[in-house]
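Notes follow the structure.
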Amino acid sequence: MTRQAVWAVVTGMYDAYARGDRAGIDRLLHPEATIFDSGAPDLITSRAQLDKVRDARPTDGPQETGVTAYDEVVDVWGDAALARYLLRVDYVTGEPEIVRTTTVLRRFDGEWLIVHVHENGL
């Protein structure tokens, strides 16, 4: 059950992303989460930096039609969890992008939150 709860947080983040629900994503991120975003060269270490990366994403590029996390391997050790998976980003035209991703979560007061994401495009 715990692995499923961790995976539900990860997939919930991508579901919120697909809906354009920034607040929904942020609810799943620890306030001090760090992120290596596949579209940004530097480690994101604050919510302000994350918002800057989000706001800088091009709006005139290929239009995404969906994101799907799959082939997950999830391990849980007490209040820490590690999820490794592939993320498929589909577009209106062209080939999908596959992103190899690792997400670290911690349980705070019974709730799993993402504390680190590392994305690497293949």
Exercise. Would K52 and D42 pass as an ion pair if we require N to O under 4.0 Å?
Worked result: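 Salt bridge flag = no for D42 with K52.
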Could you pull out all donor-acceptor pairs under 3.5 Å where a side-chain atom in residues 109-118 meets a protein atom, sequence neighbours excluded?
residue	atom	partner	partner atom	Å
H116	ND1	T34	O	3.1
H116	ND1	T34	OG1	2.6

Exercise. Which residue pairs pass the salt bridge (charged side-chain N to carboxylate O under 4.0 Å, His left out) test when at least one of the two sits in residues 29-39, sequence neighbours left out?
Worked result: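 Every salt bridge (charged side-chain N to carboxylate O under 4.0 Å, His left out) pair that includes a residue of residues 29-39, provided the two are not neighbours, is D37-R57.
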Exercise. Got a sec, which pairs hit salt bridge (charged side-chain N to carboxylate O under 4.0 Å, His left out) with one end in residues 77-96, sequence neighbours left out?
Worked result: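 Those involving residues 77-96 are D75-R84, D79-R107, R88-D90.
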For this session: Say whether V89 and V10 are linked into one hydrophobic cluster, either directly or through other cluster members, by side-chain heavy-atom distances under 4.5 angstrom.
Result: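 Same cluster.
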Problem set entry | Cluster overlap M13 with L86, hydrophobic side-chain contacts below 4.5 Å |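 No, M13 and L86 fall in different hydrophobic clusters.
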Problem set entry | Within residues 61-73 or reaching into it, pairs that qualify as side chain to side chain donor-acceptor pair (under 3.5 Å) - sequence neighbours excluded |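 Pairs touching residues 61-73 that pass the test: Y17-E64.
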Problem set entry | Pair L29-R47, side-chain contact (heavy atoms from CB on, under 4.5 Å): steps then yes or no | CA-CA 9 Å; L29 297 174; R47 192 63 52 90; 3.7 Å; yes
For this session: Among Ile, Leu, Val, Met, Phe, Trp and Tyr joined by side-chain contacts under 4.5 Å, find the other residues sharing a cluster with V73 and list them by chain and number.
Result: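 Same cluster as V73: nobody, lone residue.
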Looking at [X] and [Y], what are the two nearest heavy atoms and their distance?
X	Y	result
G121	S38	N-CB, 4.5 Å
L87	A69	CD1-N, 3.8 Å
A16	G24	CB-C, 3.9 Å
G12	L28	C-CD1, 3.6 Å

[X]: side-chain hydrogen bond (donor to acceptor under 3.5 Å, both in side chains) partners, not counting sequence neighbours:
X	result
R22	D55
D15	none
T11	none

Problem set entry | Identified side-chain contact (heavy atoms from CB on, under 4.5 Å) counterpart of V76 within the set L82, T2, L105 |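 Running side-chain contact (heavy atoms from CB on, under 4.5 Å) over L82, T2, L105 with V76 returns exactly one hit, T2.
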Side chains of residues 96-103: which donor-acceptor partners sit under 3.5 Å, not counting sequence neighbours?
residue	atom	partner	partner atom	Å
E97	OE1	Y91	OH	2.9
T101	OG1	V99	O	3.3
T103	OG1	Y85	OH	2.7

Exercise. By salt bridge (Lys or Arg N to Asp or Glu O under 4.0 Å), which residues pair with R106, not counting sequence neighbours?
Worked result: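 Partners of R106 under the salt bridge (Lys or Arg N to Asp or Glu O under 4.0 Å) test: none.
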For this session: Not counting sequence neighbours, which residues clear side chain to side chain contact (heavy atoms under 4.5 Å, CB included) with A56? List them please.
Result: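 Not a single residue meets the side chain to side chain contact (heavy atoms under 4.5 Å, CB included) criterion with A56.
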Exercise. Got Q49 and V53 here, is their nearest side-chain heavy-atom distance under 4.5 Å?
Worked result: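 In short, these two side chains do not touch, never coming nearer than 4.5 Å.
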